[in-house]
Amino acid sequence: MSQTLAILNCAQLVTLAGPTRPRTGEELRELSLIHDGALLIRDAKIVRVGTRQEVEPQLPSDCDVVDAGGRIVLPGFVDAHTHPVFGGQRADEFELRAAGATYQQIAAAGGGIKSTVRKTRAASEDELVATGKRYADWFLRGGTTTVEAKSGYGLTTEDELKLLRAIRRLHHETPLRYVPTFLGAHTIPNEYKINRAAYVELLITEMLPRVTREKLAEFCDVFCEAGAFSVEETRQILSAAKALGLKLRVHADQLSLSGGTALAAELGAVTADHLEQAGEAEIASLRSANVQPVLLPCSVLLIGATRYPDARAMIEAGLAVVLATDFNPGSSPTPSMLLAMTLACTQMKMTPAEALTAATINAAFSLGLGGEIGSLEPGKRADIVIHDCADWRELAYFAGVAHPWQVYTNGKLAWTRETKGPLQSRESSAASQVNHLR
Ligand code: NIG
Ligand code: FE
């Protein structure tokens, strides 16, 4: 029997309806907003989107109804770059950075990614799923309904497979959708320090074939950076991954201009991520190969750096920019897409509308899911968030506030805040007082 659900009384329904391709230029600012909107959901899919007047008279008699109470309603955020499964945490390094150490100094001294690798190797798959569920809850309560999820803290065949299996279980055991990426090339593990070539060989001849045989990943990513993998090593690994049918993403030009962006373009990667150091030539190469830039401003903020990627130049060059959190225990311990949007607006001068498009539909396209999620249109999955605001621009503007009120994935309530009743905005209560005085 099919189940129907209507969401009525949406002050603004931010649909992001539009062309079935990543949005560029002016399109980034077109949110396809419906005032006093309503939605009808059947089973896991959206079947009708319109004004309340259009949708309400045709509701089936057995339909469940949610009153959004004059709040805004959006597609769930799509976080297209996360590292959400790892052992332990690194609050000690956060403290060291506060005392003046840099992210690179801590990594060079054996901390950083390697410290998480030690704790992740010591953790069982069950333990990683248990901590992963805690982070899944953080994503959901932040209004995120899909995450791209990278391995990369195992760095042995069995430990990388353990991480990818944990990601697969999280996808099935939580309301959050996970898109898995193999990042065995996150850093060179200590045991291969004096023989880097042997680790690259292990990645290519053993890990990648196992990952693809067990269908544990859709993408392959490499951290292309001084101290991690060189351009030549990255080229070898990503070429092998591509030959096995994986799509490509690259950590590129984050801490230094090391050539990762140009390589992403050369290999036809779907995305090049970070790009803090990328300049005009790198941006032109992304344009010529249609690579989507994934910008991660929270990692700039949280390592205490000051150089953000040049989002304006990217938008002007016609790139379909994406915003993501880079959630991980080191450089970006936050799952907040709202924080990413606030930083996009204040530090990268993206408009609030550009930031929202980059956090939803463009991110969905970067995961190959643009036809399924990222906007509120008939036929799409009912991944929907009701935020406790009356104007969509408040999302990034009232910074650091947990705006989500109810979160739906596949048409089912995945998370809800305790408060019931309509949105209490000061303006409307002031307005009602005025009416009362008359
Ligand atoms: O995207 N750049 C490489 N990887 C992560 C950092 C991971 C970590 O510090 O544990 C990043 O910033
Ligand atoms: Fe990352």
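Both ligands and their constituent atoms are indexed starting at 1 by order of listing.
- With ligand atoms numbered from 1 in the order given, ligand 1 contributes 1 (O), 2 (N), 11 (C), 12 (O) to contacts under 4.0 Å with heavy atoms of His274.
- For Thr82 and Lys150, the side-chain atoms include no donor-acceptor pair closer than 3.5 Å.
- Counting only heavy atoms of the protein, atom 2 (N) of ligand 1 lies nearest to Gln254 OE1, 3.0 Å.
- For the pair Leu74/Ile72, a side-chain contact is recorded, criterion being any heavy-atom separation below 4.5 Å from C-beta on.
- Ligand 1 has Tyr153 within reach: a non-hydrogen atom of the residue lies less than 4.0 Å from it.
- Remark: ligand 1 and Ser299 share no N or O pair separated by less than 3.5 Å (distance only, no angle test).
- Listed by atom number, the atoms of ligand 1 under 4.0 Å from His81 heavy atoms are 1 (O).
- Considering backbone and side-chain atoms alike, Thr116 places every N or O at 3.5 Å or more from each N or O of ligand 1.
- The closest protein non-hydrogen atom to atom 12 (O) of ligand 1 is Ser331 OG, 2.6 Å.
- When the options Glu125, Glu214, Glu173 are evaluated for a salt bridge (Lys or Arg N to Asp or Glu O under 4.0 Å) with Arg165, the one that passes is Glu214.
- The pair Arg381-Asp383 does not meet the salt-bridge criterion, since no charged nitrogen lies less than 4.0 angstrom from a carboxylate oxygen.
- For a distance bound of 2.8 Å, the N, O or S atoms of His251 include one lying that close to the Fe ion (ligand 2).
- Taking every heavy atom of both residues into account, Cys224 and Ser258 meet most closely at O-OG, 3.5 Å.
- Residues passing the side-chain contact (heavy atoms from CB on, under 4.5 Å) test with Ala44 are Asn410, sequence neighbours excluded.
- Taking atom 11 (C) of ligand 1 as the reference point, the nearest protein heavy-atom neighbour is Asp326 OD2, 3.1 Å.
- Between the side chain of Arg210 and the backbone N or O of Met207 there is no donor-acceptor pair closer than 3.5 Å.
- Put simply, Asp326 gets within reach of the Fe ion (ligand 2), with an N, O or S atom under 2.8 Å from it.
- Close contacts of ligand 1 with Ile113, meaning ligand atoms under 4.0 Å from a residue heavy atom, involve 7 (C), 8 (C), 9 (O), 10 (O).
- Using modelled atom types, no side-chain atom of Lys45 and backbone atom of Gly411 make a donor-acceptor pair closer than 3.5 Å.
- Of all protein heavy atoms, the one closest to atom 4 (N) of ligand 1 is His186 NE2, 2.8 Å.
- Atom 6 (C) of ligand 1 has its closest protein heavy atom at Tyr103 OH, 3.2 Å.
- Closest to the Fe ion (ligand 2) among the N, O or S atoms of His81 is NE2.
- Near Arg90, meaning under 4.0 Å from any of its heavy atoms, are these atoms of ligand 1: 8 (C), 9 (O), 10 (O).
- Within the structure, the ring pair (Phe, Tyr, Trp, His ring centres under 6.0 Å) test picks out the following pairs touching residues 103-147 (sequence neighbours left out): Phe86-Tyr135, Tyr135-Trp138, Tyr135-Phe327, Phe139-Phe327.
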